[in-house]
Amino acid sequence: MILVTGATGTVGRLVAERLSGTGPVRLLVRTPHRAPVRGPGIETVGGDFDDPGSLREALSGVRSTLLVTTNPLAPAQDENFVTAARTAGVAHVVKLSAHAVADLDATDLVTRWQRDNEELLRASGLQWTFLRPRSFMSNTLSWARSVREEGVVRAPHGSSRNATVDPRDIADVAVRALTEPAGHAGRVYALTGPEAVTPARQTDTLADLLQRPLEFVELTKDQVLRELLRRYPAPVAHALAESAERGRHGSKTQVHPTVAELLGRPAHSYRDWADAHLDAFRA
């Protein structure tokens, strides 16, 4: 049995879709009737990272699990899950972490939280695999409304390069690690796209695919923080703003061959991702 957490999120949903029909799969979600993936062999259970009892029940009989947590202000959630996994006799945990963990200059709240999560698993006695993706290409879906309605992309640091990764590639690697644990236990996978691209170039790519002109407007540091504060608690917003500023100085440009080595095919480019999600940007 494989347990997938975060099934209502970007990577977890893609992993659940790929595992459908391959064997018994259990999805842990807060509200089971809202589970986004249904299919052969898929079981949905209700649970919460803040409820250790629900985690123990969800992990009963589980061999391998995908762990996706999203709240850096709730570090006990990872602790609860790891404790429950150890009690249930889970053999292997595939943890969605972050590329910045390996950057010693990255000291923001979110990165520190992910470092602590990795150390928690290292010390747990469980077998683990860490997935460390760079920024998701799908983050640019936040531009969709302004592209549709105004023909404008607003983003920080238009000339800063980032080796963004397609969530589909992350999911494909996760599935390999979940279904072939013996070959992936104790491994750390840095996951990037095939090249580091700038927001301005991503805008040009969208314009080319949409066959309409798009304007790129660079946001100031203050504008970025104000937008983040509308969407996240203040400590998280400041951490994300700090990460964005760090990227301006070239800290997110390194490209890794991991996706191609593990999957036997090239990593998707931003153009590949945008072409597959173009309807979101159409006027």
Side-chain angles (χ1 to χ4, degrees), residues 1-32 35-72 74-98 101 113-133 167 170-189 191 262:
M1 171 75 74
I2 294 175
L3 175 73
V4 176
T5 71
T8 58
T10 303
V11 172
R13 176 180 55 80
L14 291 169
V15 169
E17 289 174 353
R18 283 154 173 74
L19 289 173
S20 177
T22 65
V25 178
R26 184 177 293 159
L27 310 184
L28 175 65
V29 295
R30 283 196 182 95
T31 51
V37 180
R38 302 183 186 278
I42 290 186
E43 171 193 1
T44 302
V45 298
D48 194 293
F49 288 119
D50 293 318
D51 181 356
S54 71
L55 297 178
R56 287 192 295 271
E57 291 181 16
L59 286 161
S60 177
V62 167
R63 167 181 57 84
S64 189
T65 180
L66 175 69
L67 175 56
V68 182
T69 50
T70 59
N71 188 356
Q77 293 184 345
D78 279 83
E79 296 169 9
N80 291 341
F81 190 89
V82 169
T83 298
R86 191 168 52 233
T87 301
V90 172
H92 184 217
V93 177
V94 178
K95 168 65 179 172
L96 184 63
S97 184
V101 167
W113 166 68
Q114 290 288 26
R115 284 199 188 104
D116 290 344
N117 292 340
E118 288 193 7
E119 289 306 312
L120 178 70
L121 270 168
R122 290 181 193 274
S124 70
L126 296 166
Q127 291 188 336
W128 49 263
T129 302
F130 298 145
L131 309 182
R132 292 180 178 172
I170 304 171
D172 286 343
V173 170
V175 168
R176 290 288 300 272
L178 288 165
T179 57
E180 305 168 7
H184 301 279
R187 302 294 299 274
V188 177
Y189 293 135
L191 305 176
L262 290 175

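What you see is a predicted model; the values in this text were computed from it and never measured.
- Expressed to the nearest 0.5 Å, how far CZ of Phe49 lies from OG1 of Thr69 amounts to 6.0 Å.
- Annotation: the span from Leu28 atom CG to Thr5 atom OG1 amounts to 6.5 Å, rounded to 0.5 Å.
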Item checked: Derivation and outcome, side chain to side chain contact (heavy atoms under 4.5 Å, CB included), residues Ile2 and Leu19 -> CA-CA 9 Å; Ile2 294 175; Leu19 289 173; 3.9 Å; yes
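- For the pair Arg18 (side chain) and Leu14 (backbone), a donor-acceptor distance under 3.5 Å is present.
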Margin query: I'd like to know whether Asp116 forms a side chain to side chain contact (heavy atoms under 4.5 Å, CB included) with Asp78, so could you lay out the CA-CA distance, the side-chain angles of the two residues, the decisive distance to 0.1 Å, and finally the verdict.
Written below: CA-CA 9 Å; Asp116 290 344; Asp78 279 83; over 6 Å; no
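- Atom CG of residue Leu55 and atom OG1 of residue Thr83 lie 9.5 Å apart, to the nearest 0.5 angstrom.
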Less than 3.5 Å apart, which donor and acceptor atoms pair up between the side chains of residues 57-68 and the rest of the protein, not counting sequence neighbours?
unit_1: Arg63; atom_1: NH1; unit_2: Leu178; atom_2: O; d: 3.4
unit_1: Ser64; atom_1: OG; unit_2: Leu178; atom_2: O; d: 3.4
unit_1: Thr65; atom_1: OG1; unit_2: Leu3; atom_2: O; d: 3.0

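- Here the closest heavy-atom approach between residue Gln114 and residue Ala98 is recorded as CG-CB, 4.2 Å.
- In this structure, Pro72 and Thr70 approach most closely via the heavy-atom pair CD-O, 3.3 Å.
- When every heavy atom of Gly46 is checked against every heavy atom of Ser54, the shortest pair comes out as O-CB, 4.3 Å.
- Here Arg176 contributes atom CZ and Thr129 contributes atom OG1; the two are 12.0 Å apart, rounded to the nearest 0.5 Å.
- Every residue meeting the side chain to side chain donor-acceptor pair (under 3.5 Å) condition with Asp50, not counting sequence neighbours, appears here in chain and number order: Gln77.
- Across all their heavy atoms, Tyr189 and His184 have their closest contact at OH-ND1, 2.7 Å.
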Show every donor-acceptor pair shorter than 3.5 Å between a side-chain atom in residues 120-127 and any protein atom, with sequence neighbours excluded, or say none if there are none.
unit_1: Arg122; atom_1: NE; unit_2: Glu119; atom_2: OE2; d: 3.4
unit_1: Ser124; atom_1: OG; unit_2: Leu121; atom_2: O; d: 2.7
unit_1: Ser124; atom_1: OG; unit_2: Leu126; atom_2: N; d: 3.0

Item checked: Audit row: Val101, Trp113, side chain to side chain contact (heavy atoms under 4.5 Å, CB included) steps and yes/no -> CA-CA 9 Å; Val101 167; Trp113 166 68; over 6 Å; no
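- Among Asp48, Asp51, Thr8, the one residue that satisfies the side-chain contact (heavy atoms from CB on, under 4.5 Å) test with Arg30 is Asp48.
- Closest approach of Ser97 to Pro133, counting heavy atoms only: O-CD, 3.6 Å.
- Looking at every heavy atom in both residues, Glu118 comes nearest to Phe130 through O-CZ, 3.4 Å.
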